[in-house]
**Student:** 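Just dropping this structure here.
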Amino acid sequence: MKTELKERRHIISILMENEAGALSRIAGLFSARGYNIESLTVAPTEDLTLSRMTVVTRGSAEIIEQITKQLNKLVDVIKLVDLTEGPHIEREMLMIKVKTSSNDSREEVTRLVDIFRGRIIDVTSTSYTIELTGAGDKLDAFISAFEKTPILETVRSGVSGISRGAKNLHI
Amino acid sequence: MKLKGAEILTHFLADEGVEFLFGYPGGAVLHIYDAIDQQDRVKHILVRHEQAATHAADGYARSTGKPGVVLVTSGPGATNAVTGIATAYMDSIPMVVITGQVPTHLIGNDAFQEVDSVGITRPVVKHNFLVKDVKDLALTLKKAFYVATTGRPGPVVVDIPKDVTANVADYVYPEKIEMRSYNPVVKAHSGQIKKAVKLMAASTRPIIYAGGGVILDNSSKELIKLAHKVNAPVTNTSMGLGGFPASDKQNVGMLGMHGTYEANMTISNCDLIIAIGARFDDRVTGNIEKFAPKAKIIHVDIDPSSIAKNVKVDVPIVGSVGSVIKALLKEIKEGGFKQDKAALKEWWKQVDEWREKECLKYKTNGDIIKPQYALEVLHKITKGDAYVTSDVGQHQMWAAQYYGFEKPRRWINSGGLGTMGFGLPAAMGVQLAYPKAQVACVTGEGSIQMNIQELSTCLQYNLPIKIICLNNGYLGMVRQWQEFFYEERYSSSYMESLPDFVKLAEAYGHVGMQVTKAGDVEGALKEAFSLKDRLVFVDILTDPKENVYPMVPNNAGLDEMILV
C-alpha cells in the first residue's frame, strides 16, 4: 500500500475499564505492532470504574488509523478520540529542582518562575523546587532558560488533553 | 446453590452446552479434576501434551462452529498451550482456555509451577481474565464465552488460582451478559452497501476474493448466491476453501503464493475486488506494490482493523459477512442492478484462457508416487466428503490445491500461524465431534513427529482417524526454498533416522501401512478407509524432489509465478 509518509503528532484519549492489566494491554499493543509512544498518562476518572488514558504518538495518517482501530478492538477500551483532529487543550506538568546556593541565583530563578507563571513549591538553603504547567513547548522553553542555574532533577507528568467546547468523551 | 469454585466451573461448562473439555491435569487444577470426576455432563478428553489439547479443541471448533474448550494446569501446562492459543488467534477460532494458577497469596512469589499466564498469553488472545474471587467466576466464564464467540472470534484465557477453585459461592447460570466496552458491529452501514453495489454494477472485470470469514460466519450459501448473481470469478484463500464449492464453474481456485495461475492472473488484472472475510495477508498479495494495480476494492470484514491495514480500500464495509451479503443481495434486487453483460463475457473468455494453462498438471514417473496423485486418490476414495486436517508444509499446499473442497468446515489447517504438529490433534477434535465421519489427517514425516504422542489419545478414545503421511524424507517446503533461493544447500532439511511408522503405529495399538509404488496407493487408501473403527497410519513414500507449483517468489507480484 502506498502510504502517506508525512508523520504527525497525535494525542489519543482513551476511556477504558479501570481493571488490572488494562494499561499493559495498551502498552503491549504499541510495542507488539511497532508503534511509538511519546508519552502516556493514566488515572481513574470521577467514575472509579473508568480510567482515562492519554497517549501521545507519532505516525502517518494510515498508521494513526490502525492505532485507533487496534485500540478500539481491545475489549477493555470503551471509547477513544484523537484530540488532534479538532480544537483541544493539552497540558503537562513539570517539577524541576535547581541549585540555588547564592542570592543572585535565587533572584534569577524567582524572576524566571514569574515570567513563566510557575510556582516555587519547596525551598531549602541550597535548592528551589518549581512547579510549572503548560503545553510541552512551554515546559521545554522553561527548562532551557536555566542557563546558569544547575538543574538537579526534572520530572514531567506526560501530556493530558481535553477537547475544547462542550464536546466530551463520556459514556 | 452454594458450590465450590471447581464445581461452579463444571456446572457452568455443562450449562453453557460444552460437550468436550480437552485437558491435562496438574497441581493447580486438582480441585477442578476432582469436580470433573463427579459429574458426567461434560466429557473430559485426556491428551498427552497440552499443545495437543488446544489443537484438538481448535479442530472441534473449526469443524462445528462451536467454541473449543481447554483445561490445563499452571506453569508448563499454560506455556505448552501457548502455541495452540496463538494458532487459534491467527485464524480467529473461538476457544476458551482455562489455565490453573497458583493460589492467590502466592502469585508473584515465583511459586512452584507459577508463570504469569495472563501476561504470557496477552499478545495471542482476544482477551484474558484472572479470576481473583470465586464470586466473579461464573460471570467471568460467561464473558469469556461471549467474547470468544462473537464479533471476530478468537481464543480467550481464564486464569483461575487454586484457592478460587476451593472457595464457595452462590451459583446461578448467567443467561445473559452485557459488556459496555465490547459491542461488536454486526449490521453494515446502508450507504456503504449502496456504494458497493454501484461499483459491482459498473465493474467489467470483477473478482470475489473470499476468506475464512465466510466459514466462520456460516455464510457459504449467501456467498454462492452473490457470486452467481454478480457472475464474478471466485477465488478462496487457504482459510476460505470450501466456502465456495470447488466444482462450481465460477471457482478459479486458491490465490496467493501457491495459488492457481488463473486465480492470480484474474486478481492481478481485475478492475474490482470484492473481498469478503479475508485480510489481504502477505502470502495472498505477494509484493503489495504490484498487487492488483487496476482494481478498486470493496472490503467486507467484521473487524475494522483488518480493513485498510495492508491495501487501500475504496468501499470499506464493517459487519458480519452473512448480514452484509444479505444486504448486498437485497440492494441488488431492489436497486436496479445492471451489468455490462458483453464486457463480462469478454472477461470470462480471458479467465478461461488462463485456465487453459492447467497449472496444476504434474508429470508422473512410473512407480514413483507423486504427492499430488496421492491426494487425488484420497479425494476419490472419500468421495470428496472427508474432513481433512493438515499439518504445515508442502503437503498442506498440495492438499489445498488437489483435494477440492465442496463444503465449508471440511478443510482444517493452521493458515495464519503455520503450526507444524497441528494436524493429528486437530483431527481428534473433528473425529470426536463427528464420530461416524471420515477424517483424514494429511501430514508429512516432519510435522507428524511434532505431536505423535497423540496416537495414544486416539487409542484411548477410539478415534479412527486416517493419517495420510506424505513421506518424502525432507522438510519439503524448506527444501524447496533452499533449492530455489539457496543454491541447493539443503541445510538441516533432510530428515534422517526416521522411525518405522508402521511399527510405531502398531506399538500404539493402531494399524500401520507403507506404500512405495504409485500403483498401490488406491488399494492402500481403500483398505485404510474400509477399517472404519481403526486408526490407520498410511506412510506413503513420495517423490522427494517434487515441488509445489505455481509459486510466487518472495517480493514478486502475483502474476510473476514460477510454473512447472
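Bear in mind that the values here come from a model prediction, so they are computed numbers and not experimental data. Numbered from 1 within each chain, the chains take letters A, B, ... in sequence-line order.
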**Student:** In terms of heavy-atom contacts, does NZ of Lys132(B) have more than 12 from other residues, nucleotides or ligands at under 6.0 Å?
**Tutor:**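 No, because the 6.0 Å sphere around NZ of Lys132(B) holds 12 heavy atoms or fewer from other groups.
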**Student:** Rounded to the nearest 0.5 Å, what separation is found between the OG atom of Ser181(B) and the CG atom of Asn72(A)?
**Tutor:** 11.0 Å
**Student:** For residues Gly21(A) and Arg122(B), report the shortest heavy-atom separation together with the two atoms involved.
**Tutor:**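 In this case the closest contact between Gly21(A) and Arg122(B) is O-NE, 4.5 Å.
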**Student:** Could you grab the distance from atom CD of Glu19(A) to atom CZ of Phe129(B), nearest 0.5 Å is fine?
**Tutor:** 8.0 Å
**Student:** May I ask you to check whether over 12 heavy atoms, not counting those of Lys290(B), lie within 6.0 Å of atom NZ?
**Tutor:**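 Enclosed: over 12 neighbouring heavy atoms sit under 6.0 Å from NZ of Lys290(B).
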**Student:** So with a 6.0 Å cut-off around CG of Asp110(B), is the heavy-atom count from everything else above 12?
**Tutor:**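 Counting other residues, nucleotides and ligands, CG of Asp110(B) stays at 12 neighbours or fewer.
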**Student:** To the nearest 0.5 angstrom, please state how far the CG atom of Asn128(B) sits from the CZ atom of Arg25(A).
**Tutor:** 4.5 Å
**Student:** Should we say atom NZ of Lys73(A) is surrounded by more than 12 heavy atoms from elsewhere, each under 6.0 Å from it?
**Tutor:**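 Yes, the 6.0 Å shell around NZ holds more than 12 heavy atoms from other groups.
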**Student:** Counting C-beta onward and ignoring hydrogens, is there a side-chain heavy-atom pair between Lys69(A) and Lys309(B) closer than 4.5 Å?
**Tutor:**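 Not in contact.
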**Student:** Do any of residues 75-96 of chain A have a heavy atom less than 4.5 Å from a heavy atom of chain B, and if so, which, in residue order?
**Tutor:** Val75(A), Asp76(A), Val77(A), Ile78(A)
**Student:** Taking side chain as everything from C-beta outward and backbone as N, CA, C, O, which of these in Leu130(B) sits under 4.5 Å from a heavy atom of chain A? Side chain, backbone, both or neither.
**Tutor:**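 Neither part.
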**Student:** Does atom CG of Leu112(A) have more than 12 heavy-atom neighbours, drawn from other residues, nucleotides or ligands, at distances under 6.0 Å?
**Tutor:** yes
**Student:** Can you tell me how far the CG atom of Asp303(B) sits from the CD atom of Gln70(A), to the nearest 0.5 Å?
**Tutor:**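 Atom-to-atom, Asp303(B):CG and Gln70(A):CD are 7.0 Å apart.
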**Student:** Tell me, for Arg180(B) versus chain A, whether the close heavy atoms (under 4.5 Å) come from the side chain, the backbone, both or neither.
**Tutor:**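 For Arg180(B), backbone and side chain are both near chain A.
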**Student:** What part of Ser31(A) gets within 4.5 angstrom of chain B, counting heavy atoms only: side chain, backbone, both, or neither?
**Tutor:** neither
**Student:** With a 4.5 angstrom heavy-atom cut-off, is it the side chain or the backbone of Leu15(A) that approaches chain B, or both, or neither?
**Tutor:** neither
